[in-house]
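Counting starts at 1 for both ligands and their atoms, in listed order. Side chains included, hydrogens not; waters and symmetry mates left out as well; all remaining heavy atoms used.
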Amino acid sequence: MNWRGRLLTATAMLMLTAPSFAQDNAPSQQEGLAAWQQVYAVFSHPRCANCHVADERPRWVGAAGSAERIHAFNVQRGVDGSGFGNAGLRCTSCHFESNSKHLNGPPGAPSWHLAPAEMVWHKISSAGICAQIKDPERNGGRTLQEIAEHVREDPLVGWGWKPGPGREPAPGSAEGTYEELERWAAAGAPCPQE
Ligand code: HEC
Ligand code: HEC
């Protein structure tokens, strides 16, 4: 083949291969939905959802098999809406920086408090949580990258995988959930149907 022929062949090959390279690198919609399913399994787990409630009251335990209860001691989000509890009975009066060693003692992590009511996951569908996570009005103004980093680095989130005696940890790991969130975002952050 002369140089002209080689050039034509090379150009044709480039045109054929270049677009498919891009597609091979980005996860498909289906892979994105599969990644979201793993994220949902974590977010909807009681270790996370017990703090991500719509009303005033955190939930207790509710691990697989055990009945869920409203938090005792009349614990509430707090008059200032901060999530740190009512004046005189702050979350941190009982929840310290690390877990109680006693079964049924208060678990602990730095700055223990309830998630804002708009970040609700408790009893919300996979599609519903997916929409909330993508909505800057309801996710603390975060990009998807910032959501993934929050999951990997925040101590309250991290507590979900080391919840202390008698509590079932959230599935997987913080790092694994970070990676699933990245995969989901790279696929265009698809949400399941209601
Ligand atoms: C008077 C002490 C006390 C106060 C105040 C308190 N808690 Fe608790 N909390 C506990 C105890 C004790 C447990 C463990 C109960 C059990 O497992 O049977 C607990 C458990 C929890 C759990 C369950 C964790 C899980 O998923 O297993 C959450 C969530 C929680 N508290 C959130 C809060 C928040 C948020 C506040 C403040 C708004 C707060 N608590 C204030 C004593 C307290
Ligand atoms: C002790 C209560 C508590 C627990 C337990 C908890 N969170 Fe949160 N979460 C919060 C608070 C408070 C915020 C708000 C923080 C902010 O905006 O700076 C939050 C915010 C978030 C956000 C940011 C934005 C959004 O849209 O919700 C993510 C993501 C998140 N939590 C993931 C998790 C995961 C995953 C778990 C379980 C492995 C978990 N959280 C367990 C209290 C909790």
Side-chain angles (χ1 to χ4, degrees), residues 38-64 66-97 99-122 124 128-178 180-181 184-185 189:
Q38 303 296 316
V39 172
Y40 170 67
V42 173
F43 286 14
S44 60
H45 190 275
R47 289 298 83 68
C48 307
N50 284 349
C51 251
H52 282 256
V53 296
D55 60 13
E56 299 298 301
R57 294 160 189 277
R59 299 303 194 273
W60 266 2
V61 191
S66 84
E68 181 187 286
R69 289 163 294 156
I70 299 246
H71 198 302
F73 319 120
N74 194 28
V75 159
Q76 300 190 19
R77 184 178 296 281
V79 279
D80 54 359
S82 68
F84 283 89
N86 287 325
L89 195 59
R90 308 296 272 179
C91 311
T92 47
S93 313
C94 302
H95 293 272
F96 304 136
E97 299 223 330
N99 291 319
S100 159
K101 291 188 179 59
H102 302 287
L103 207 63
N104 300 325
S111 184
W112 192 271
H113 65 296
L114 207 54
E118 70 273 13
M119 299 180 189
V120 52
W121 302 343
H122 182 249
I124 301 290
I129 297 180
C130 193
Q132 183 271 315
I133 283 296
K134 287 175 20 170
D135 180 359
E137 300 273 320
R138 292 185 288 156
N139 75 6
R142 292 177 170 88
T143 62
L144 295 181
Q145 180 63 29
E146 285 164 343
I147 293 278
E149 283 162 11
H150 181 85
V151 166
R152 189 171 61 179
E153 284 146 31
D154 185 79
L156 290 180
V157 183
W159 169 84
W161 286 284
K162 40 176 176 52
R167 284 171 222 281
E168 181 191 82
S173 66
E175 186 64 35
T177 310
Y178 169 86
E180 297 292 1
L181 278 162
W184 170 65

- Query: Looking only at heavy atoms, is any part of His52 under 4.0 Å from ligand 1, and if so is it the side chain, the backbone, or both, or is it neither?
  - Reply: neither
- Message: Show the atoms of ligand 2 that are less than 4.0 angstrom away from any heavy atom in Pro116.
- Response: 13 (C), 14 (C)
- Item | Nearest protein heavy atom with distance in Å, relative to atom 4 (C) of ligand 1 | Cys94 SG, 3.3 Å
- Return yes when Arg77 approaches ligand 1 closer than 4.0 angstrom through a heavy atom, no otherwise. no
- Item | Close side-chain approach of Pro169 to Lys162, heavy-atom, < 4.5 Å | no
- Here the atoms of ligand 2 under 4.0 Å from any heavy atom belonging to Trp159 are 5 (C)
- Please indicate whether any nitrogen or oxygen in Gln132 is less than 3.5 Å from any nitrogen or oxygen in ligand 2. yes
- Message: Please determine whether any non-hydrogen atom of Leu114 lies less than 4.0 Å from an atom of ligand 2.
- Response: yes
- Note on the structure: Looking at Val120, Asn50, Asn139, the heavy atom closest to atom 24 (C) of ligand 2 belongs to Asn139
- Query: Any idea which protein heavy atom is nearest atom 36 (C) of ligand 1, and the distance to it?
  - Reply: Cys91 SG, 2.8 Å
- Message: Looking at non-hydrogen atoms alone, which of Trp121, Trp112, Phe43 comes nearest to atom 30 (C) of ligand 2?
- Response: Trp121
- Item | atom 29 (C) of ligand 1: nearest protein contact (heavy atom, Å) | Arg59 O, 3.7 Å
- Message: How far is atom 18 (O) of ligand 1 from the closest protein heavy atom, and which atom is that?
- Response: Asn104 OD1, 3.5 Å
- Task: Select the closest option to atom 16 (C) of ligand 2 among Met119, Arg142, His113, judged by heavy-atom distance.
- Result: Arg142
